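Here's the structure, in structure tokens; my notes come after.
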Amino acid sequence: MKNPVALEKLVERDKNHIWHPLTQHKTAHLPLGIVKAEGALVWDEDGKSYIDGIASWYTAMYGHCNPYIVKAMTQQMQKLDFVMFSGFTHAPAVELSEKLIKILPGNQAKIFFNDNGSTAIEAAIKMAIQYHHNKGEKRDTIIAFEDGFHGDTFGAMSASGISSYNGPFEDFLLKVIRVPVPTEENLKAVLGELDKILAENQCSAFVFEPLVQGAAGMKFHSTEGLDQMIAVCQKAGALCIADEIMTGFGKTGKNFASEDLTHAPDIICLSKALTAGMFPLSITSCSQTVFDAFLSDEVSKGFFHAHTYSAHPVGCAAALASIELLNSDEILERRAYIAHQHQRFTERIQSHPKVKNARSMGVIFALDLAVETNRYGSLRDKLYRSFMTQGVNLRPLGNTIYTLPPYVITDEQLQRIYSTIEGVLEVV
Ligand SMILES: *Cc1c(COP(=O)(O)O)cnc(C)c1O
């Protein structure tokens with residue numbers, strides 16, 4: 001006789017022992033059991049398919065189970081599965097460092113490996129603090145944007161400004177001063193505020209999501225304004241940390257959002273699309289100047305920070321294959337095509353009476369509903385359920401509806417995302 005447990009659906013068995021992230025288990029709806037994925041689609045255990053309209057949190061940009069990346073990872077796994085990265089090195093890490101330095105903006109010179117976005121930020125903040133410490137300075141303050149999101153570990157959480165995540169931990173965080181994102185209207189005031197903060201505090205770093213704040217609701221800000229803020233911070237000796245975990249690898253149009261800046265960041269954090277959703281891996285890259293501040297005859301001036309799975313060869317192999325695809329003719333064509341379709345959709349939808357601020361940048365499209373709602377309010381929930389019923393995975397952020405589809409999404413699937421969004425507008 002078969003084990004009866006095995007006959008129960010995943011969603012039923014899930015209830016027994018699993019604690020889900022970002023979930024209030026008392027009131028949350030049950031999760032979907034997902035059994036298969038390919039291209040821009042995922043299938044649940046009842047056989048229903050969903051278009052992955054946000055590429056599973058901006059990771060699976062080359063499509064789920066992309067055969068080229070799977071093959072590269074499989075070959076790597078059969079040759080060298082894993083070796084610790086202290087005292088050892090290996091080809092996938094070396095090749096990835098070479099490839100990244102070639103495409104990263106400006107002055108990036110060194111690659112430090114971590115295993116997820118939050119820990120990439122954590123390493124960046126620690127690098128910045130120790131950079132000043134090694135130079136004999138104690139700089140205890142970090143500057144960050146209001147409503148930024150940088151992850152859920154303590155340093156990353158400190159830099160994040162979304163209080164529904166931070167509430168219980170507020171008293172235990174690093175010292176962070178928040179400034180509004182720059183717009184054409186407020187830039188002068190923001191620069192004034194920044195000058196004052198830099199003069200009155202010992203600022204080690206300025207942490208920001210360049211051009212687009214993802215978790216805040218795909219909010220865009222002024223490139224020129226950010227550029228000026230970076231210049232002011234760098235002049236005061238604060239290291240500028242670009243969190244490109246969401247924007248990196250083509251989302252905003254260029255390979256990296258920081259390419260649009262004339263003042264290059266000192267440190268860049270990467271994850272998410274780095275490995276195309278196939279493996280947890282992240283990078284904290286930095287300029288030669290940052291790296292050089294850790295060189296000393298004193299051992300303790302080195303960066304004593306590591307994760308067991310640093311530079312995992314299989315993750316590096318996934319990243320190498322992904323970067324090859326990123327700038328292949330086929331994907332470049334798709335990136336441009338989606339950006340163009342988003343622009344056309346933006347023009348069409350922006351005069352809709354229920355829409356305010358329709359916008360697009362690269363493969364990111366977002367609109368705000370003209371009605372207000374809570375981040376976790378009932379309208380948001382209703383929208384999400386409606387999208388899922390129609391077989392489209394879109395997760396509104398408060399009253400912001402957005403899509404960030406995989407580059408390999410088909411024309412028909414992309415049009416279905418647009419028409420589903422338009423349909424939902426009729427019922428809100
Ligand atoms: C997702 C994200 C993070 C955190 O990455 P995790 O891998 O979830 O820890 C940090 N910053 C930005 C901009 C992100 O989008």
Side-chain angles (χ1 to χ4, degrees), residues 20-23 52-61 112-128 142 144-162 164-166 169 173-174 176 178 181 205-221 226 240-252 255-258 265 267-285 305 307 309-310 312 315 318-319 322 361-364 366 375 395-398 400 402-406:
H20 281 269
L22 300 176
T23 300
D52 193 354
I54 59 167
S56 285
W57 273 338
Y58 343 129
T59 59
M61 301 307 291
F112 189 88
F113 290 93
N114 322 277
D115 46 20
N116 63 64
S118 302
T119 55
I121 296 287
E122 213 69 28
I125 290 174
K126 284 178 70 176
M127 258 180 210
I142 292 163
F145 280 140
E146 288 168 2
D147 294 332
F149 177 73
H150 301 287
D152 288 337
T153 52
F154 267 83
M157 188 169 51
S158 303
S160 302
I162 295 171
S164 54
Y165 298 158
N166 286 359
F169 313 106
L173 301 178
L174 300 175
V176 174
R178 283 178 226 297
V181 293
F206 169 36
V207 187
F208 52 89
E209 294 162 85
L211 311 195
V212 187
Q213 290 183 298
M218 295 296 154
K219 295 222 165 67
F220 301 170
H221 54 256
L226 176 61
C240 290
I241 303 173
D243 177 351
E244 294 239 22
I245 292 164
M246 189 280 284
T247 52
F249 303 100
K251 273 59 163 283
T252 60
N255 283 344
F256 301 97
S258 301
I267 295 176
I268 298 179
C269 298
L270 305 168
S271 189
K272 294 206 163 117
L274 169 68
T275 49
M278 303 257 185
F279 205 91
L281 183 78
S282 66
I283 300 284
T284 308
S285 69
H305 179 100
H307 298 289
Y309 285 126
S310 289
H312 197 294
S322 302
M361 189 189 296
V363 298
I364 304 168
R375 192 170 178 82
R395 296 174 64 90
L397 293 159
T400 302
Y402 77 100
T403 180
L404 199 167

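Just so you know, ligand 1 is whichever comes first in the structure, and atom 1 is the first atom listed for that ligand. Computed from a predicted structure; not experimentally measured.
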Between Thr247 and Glu244, do the side chains contain a donor N or O and an acceptor N or O under 3.5 Å apart? yes
Using a 4.5 Å cut-off on heavy atoms from C-beta on, say whether the side chain of Leu173 contacts that of Phe154. yes
Parallel, tilted or perpendicular: which one describes the rings of His307 and His305, with boundaries at 30° and 60°? perpendicular
Side-chain heavy atoms of Arg178 within contact of Asp147, under 4.5 Å: no
Rounded to the nearest 0.5 Å, how far does SG of Cys269 lie from CG of Asp243? 6.0 Å
So which residues, sorted by chain and number, lie with a heavy atom under 4.0 Å of ligand 1? Asn116, Gly117, Ser118, Phe149, His150, Gly151, Glu209, Asp243, Ile245, Met246, Lys272
Minimum side-chain heavy-atom gap Ile54-Arg395 below 4.5 Å: yes
